[in-house]
Structures are given as structure tokens and as C-alpha cells.
Amino acid sequence: MSRIVAIVGRPNVGKSTLFNRLTGEFKAIVDDFSGVTRDRHYGMSDWNGIEFTVIDTGGFVPESEDVFETAIRDQVHIAIEEANVLIFMVDVQTDLHPLDEEFAQVLRRSRKPVVLCVNKVDNDRLRMETSVFYSLGFDHYHEVSATNGGGTGELLDEVVEFLKSEEPNEENDVTADLPRIAIVGRPNVGKSSLINALLGRDRNIVTDIAGTTRDSIDTHYKAFGKEFLLVDTAGIRKKSKVHENIEFYSVMRSLRALENADIVVIVVDATQGMESQDLNLFWLAQRQGKGIVILVNKWDLVEKETNTHLDYTNIIKESISPFVDVPILYISALTKQRIFQAMETIMEVYDNLSIKIPTHKLNDFLLPIIEAYPPPSKKGKFVKIKFVTQLPSKRVAFALFCNLPQYVADSYSRFLENKLRESFPLKGIPISLFFRKK
């Protein structure tokens with residue numbers, strides 16, 4: 001199930017401020033100049049137990065000839081088309097703007113759920129001035145202050161209600177329980193070649209199944225003792241809005257595929273290395289608890305010396321630190337070099353995703369380590385961890401019960417995580433440790 005929420009509106013109404021508040025990640029640049037957001041930003045948010053992806057789009061200017069604003073306009077159209085819910089932001093301090101009315105027409109044509117968000121309502125006087133926005137004709141309406149958080153709770157309550165209604169009915173889907181593997185990455189890294197290499201020439205071993213996302217095809221693969229659904233993000237639709245925004249469109253498709261997947265396979269071009277978009281997808285997959293495999297494609301094009309792949313691996317691990325327990329394989333989709341090994345690794349990570357470690361085994365393993373290497377004291381307080389258990393959740397997570405959970409340092413949590421990874425099959429799996437009061 002994909003859950004994508006796009007924040008849209010004209011320039012300088014506070015979209016990036018709301019994005020930062022929803023995701024808790026201050027990576028969107030916030031400034032008082034219009035048009036600051038030119039690159040898209042993606043982040044994870046959750047509300048009432050529902051996780052979703054948030055997209056911060058640029059400001060929409062319908063008829064501008066400025067090259068940046070034209071590109072932003074096209075990308076906003078793509079975001080509107082791909083998102084499940086649209087948060088339409090307007091600014092009470094600038095009153096109803098003609099661009100708001102134009103944008104409202106665009107959103108109505110999309111037939112997507114739209115939640116109107118009147119921003120910068122920081123006091124009662126401004127609250128009195130919001131009624132003018134009712135003329136835009138949207139039923140779902142909220143007054144917020146993205147800067148101080150006022151009203152955002154009620155806004156999110158309504159957004160997640162729309163996301164709940166998007167849940168598909170999979171009761172009669174015979175493939176619902178199969179591993180879902182998404183092949184993601186930037187354009188031209190070799191995703192299509194990789195998929196063709198995995199499927200081979202024997203087309204009778206695959207059947208096409210309409211995916212839960214419009215425009216994406218899930219391929220049911222059953223051969224060589226393996227059975228899974230391959231979520232294909234390689235194909236690019238021939239749409240007029242896409243030609244100059246292939247990179248952004250590729251990201252949108254990757255976001256949808258990532259949310260619908262169990263395992264995310266990030267394909268990297270060996271001649272270019274792991275770039276910011278790859279890292280964005282990596283951290284989104286990690287945040288969502290997906291299994292992750294990194295395939296460095298076109299390895300046959302790289303000039304090699306004795307330790308080339310080790311140096312390359314170290315560079316990738318440095319960029320994805322601290323979660324470095326991820327399989328990194330060097331392949332060539334064109335020559336099918338290590339393709340079978342890649343498939344074995346992907347299925348191994350899928351098996352790791354469903355690991356259940358008995359409580360007694362966890363305690364027998366971890367408690368002696370904790371006793372030998374206890375958490376460092378803080379403010380003269382000593383943390384004593386008494387009991388460990390795996391939580392019954394979709395993600396791989398553990399609860400550690402102790403007397404002072406607030407004093408456990410992140411570095412100590414990582415130390416225990418590394419010990420778990422050394423002794424249990426957790427490669428490629430993000431894990432969470434929660435310290436709770438006992």
C-alpha cells in the first residue's frame with residue numbers, strides 16, 4: 001500500500017516549513033524569497049500509527065516563462081498525479097491570490113482528495129480573515145501555523161483518514177503473501193536490463209499482474225525454486241509532462257514501489273557512484289523497515305585494480321553510515337555477471353526480515369554482554385538493563401527493559417545493535433531498539 005502526501009501551492013506560502021514540521025527533518029530550505037524549493041524533498045511522517053511519505057513541491061506558477069518555474073510547474077503536475085492526498089497551502093497574510101484560484105482549478109481536475117490548509121494563522125485577528133478562502137470550494141479545510149505547529153494535529157487527523165480509505169482489499173489475491181521486491185534507482189542505471197536479466201528469455205515463467213499502483217506492473221516470477229513479485233519501476237510512460245523531468249518522475253515511481261515492497265533493491269551506476277537520490281531512497285527504505293540490497297551495476301565498465309571493489313564498498317558504507325550491514329554486490333546486468341548471486345542475496349534478506357528470536361535466546365546472549373560492558377553512567381546514574389524481548393511488529397524491533405531508559409546513549413544502542421548483528425541473521429534489515437522503564 002503506497003501512502004504519498006504532496007504539499008502543493010504557489011510560492012512562499014510555507015510548504016517547506018510544514019514539510020519540516022511533519023517529517024522532523026530540517027532539510028528543506030526555508031526562506032522568505034519565493035521559489036527557494038527547486039529540488040524535491042522527500043521524508044517520512046507518521047500520525048496515529050499510520051506512516052506515509054511526504055513530498056515538498058516547489059511553488060506553482062501557471063504561465064511563467066522562467067525556466068526554473070516551468071520545470072517546477074511540470075514537476076508539481078507529476079506530484080499531483082502520483083500522490084494519494086494533496087495538502088493545498090495558501091497564505092492568510094497575503095489574502096486570496098489569483099494564483100490560488102488557478103491552482104484550485106488544477107487540483108479539482110485531478111479528482112484527488114484535497115485538504116485546504118490556510119497557513120500563517122498565528123493570532124485571532126488573522127483567524128477572522130480566513131473565511132475568504134471558503135470561496136475556493138474545498139470541503140476539507142484547516143487553519144494552521146506551520147511555524148509553531150498550531151492546527152497541524154487536526155490537519156493530520158483528516159489526512160490519515162483519507163490514507164486509511166486507500167487500503168486495498170487483498171483477501172482474494174493469491175499473490176498477496178509473496179515477497180515483493182522493488183528495483184529502484186536513478187534513470188539509466190540499468191534497471192530495465194537487470195529486470196530482463198532476472199526474468200530471462202523464458203517468458204512462460206512470468207505472468208503480468210495489475211499492481212496496486214496505476215501504471216506499474218507487478219511481475220509474478222516463479223522459477224529455479226524462487227517465487228516473488230517483482231515491482232518494476234524501470235518503465236517511463238510517454239507523457240508530455242515527463243520529458244524534461246525524467247529524474248523526478250523516476251523518484252515518484254520509486255517512492256510508490258518502495259512503499260509497496262518488502263525488499264528494496266537500489267541499483268547504482270558503477271561509473272557514477274551512490275548519489276543523493278540513491279541515498280534518499282536508502283534512508284526512506286531504512287525508515288520504513290524494508291529489507292535493503294545495493295547492486296552496483298555496470299561493474300564491467302570500471303577499470304579495476306587489486307582493491308577496487310573494497311575501496312568502492314568503503315565509500316558506500318561511509319555514505320550510508322551508521323546502518324552499514326547491507327549487502328553490496330557488484331554486477332553487470334548486460335553480461336549477467338553475479339545475477340544469480342544477487343537473487344540469492346535478495347531472498348536471503350527477505351528471510352531475515354521475518355526472523356523471530358526466542359526471548360530466552362536473546363537474554364542468554366545479550367545480558368552477559370551488558371553485564372561485561374554496561375552502559376556508561378550519566379550524571380552519576382547507572383543504567384541497569386534486566387530483560388530483552390523482540391516486539392511482535394512487522395518491523396524487526398526489540399524492547400530492552402531497564403531502570404533509567406532516558407540515560408541510554410545512542411552510541412550504546414548502536415553497540416548492542418552491532419552485537420546482535422554479529423550473532424543473528426540480520427543482514428540488510430533495519431532494526432530498532434527501544435529502551436523501556438521496568
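Nothing here was measured: the structure is a model prediction, and the numbers come from that model.
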Salt bridge flag under 4.0 Å for residues K290 and D262: no
Electrostatic pair R414:E417 at N-O distance under 4.0 angstrom: no
Measuring from atom [atom1] of [X] to atom [atom2] of [Y], what distance do you get when rounded to the nearest 0.5 angstrom?
X	Y	atom1	atom2	answer
D269	K298	CG	NZ	4.0 Å
I266	Q277	CD1	CD	10.5 Å
L353	M347	CG	CE	11.0 Å
I55	I7	CD1	CD1	9.5 Å
N297	K191	CG	NZ	10.5 Å
N20	D56	CG	CG	7.5 Å

I'd like to know if the side chain of [X] and the backbone of [Y] have a donor-acceptor N/O pair within less than 3.5 Å.
X	Y	value
K437	N403	yes
N314	L310	yes
E158	H142	no

Smallest separation among heavy atoms of [X] and [Y], with atom names:
X	Y	result
I50	K164	CD1-CG, 3.3 Å
A83	A6	CB-CB, 3.8 Å
L86	S110	CD1-OG, 3.8 Å
A285	P430	O-CG, 4.5 Å
L391	A399	CD2-CB, 3.7 Å
A270	V296	CB-CG1, 3.5 Å

Tell me every residue that passes ring pair (Phe, Tyr, Trp, His ring centres under 6.0 Å) with [X], counting only those two or more places apart in sequence or in another chain.
X	answer
Y412	F415
Y407	none
H309	none
W299	Y312, Y330

Plane angle bin for F387 and F401 - parallel if under 30°, tilted between 30 and 60°, otherwise perpendicular: tilted
Candidate pair M274 and F282, rule side-chain contact (heavy atoms from CB on, under 4.5 Å), full reasoning: CA-CA 10 Å; M274 201 144 177; F282 177 88; 4.3 Å; yes
Pair listing, side chain to side chain donor-acceptor pair (under 3.5 Å) test, anchored in residues 43-55, at least two apart: W47-D157, N48-D157, T53-E259
Taking the side chain as every heavy atom from C-beta outward, state whether [X] and [Y] have any pair of such atoms under 4.5 Å apart.
X	Y	result
I339	K336	yes
I80	V106	yes
R186	D278	yes
V85	F52	no
I346	E348	no
V396	F424	no
C117	L155	yes
T313	K317	yes

Candidate pair M343 and F228, rule side-chain contact (heavy atoms from CB on, under 4.5 Å), full reasoning: CA-CA 11 Å; M343 182 51 60; F228 55 84; 3.6 Å; yes
Polar side chain donor-acceptor pair, D300 to T335, under 3.5 angstrom: no
Side-chain H-bond candidate by donor/acceptor type, D311 with T308, under 3.5 Å: no
Positive for side-chain contact (heavy atoms from CB on, under 4.5 Å) with V265, one of V184, L295, I292: L295
Counterpart residues, side chain to side chain contact (heavy atoms under 4.5 Å, CB included), relative to [X] (two or more places apart):
X	value
P374	none
A146	T17, L18, N119
L334	S332

Worked check of side-chain contact (heavy atoms from CB on, under 4.5 Å) between I429 and V349: CA-CA 7 Å; I429 307 301; V349 170; 3.7 Å; yes
Distance-only check: which donor-acceptor pairs under 3.5 Å involve side-chain atoms of residues 357-369, not counting sequence neighbours?
residue, atom, partner, partner atom, Å
T359, OG1, T389, OG1, 3.2
N363, OD1, V388, N, 2.9
N363, ND2, T359, O, 2.8
N363, ND2, V388, O, 2.7

Any pair counted as salt bridge (Lys or Arg N to Asp or Glu O under 4.0 Å), so long as it reaches residues 385-406, sequence neighbours left out: none
CD (Q406) with more than 12 external heavy atoms under 6.0 Å: yes
Contacts of N352 that satisfy side-chain hydrogen bond (donor to acceptor under 3.5 Å, both in side chains) - sequence neighbours left out: none
Atom pairs and distances, donor-acceptor, side-chain atoms in residues 318-326, under 3.5 Å, two or more places apart:
residue, atom, partner, partner atom, Å
S319, OG, I316, O, 2.6
D325, OD1, K427, NZ, 3.3
D325, OD2, R421, NH1, 3.2

Trace of the ring pair (Phe, Tyr, Trp, His ring centres under 6.0 Å) decision for F398 with F434: CA-CA 6 Å; F398 303 92; F434 297 100; 9.7 Å; no
Verdict with supporting geometry, I328 and V268, side-chain contact (heavy atoms from CB on, under 4.5 Å): CA-CA 10 Å; I328 302 170; V268 177; over 6 Å; no
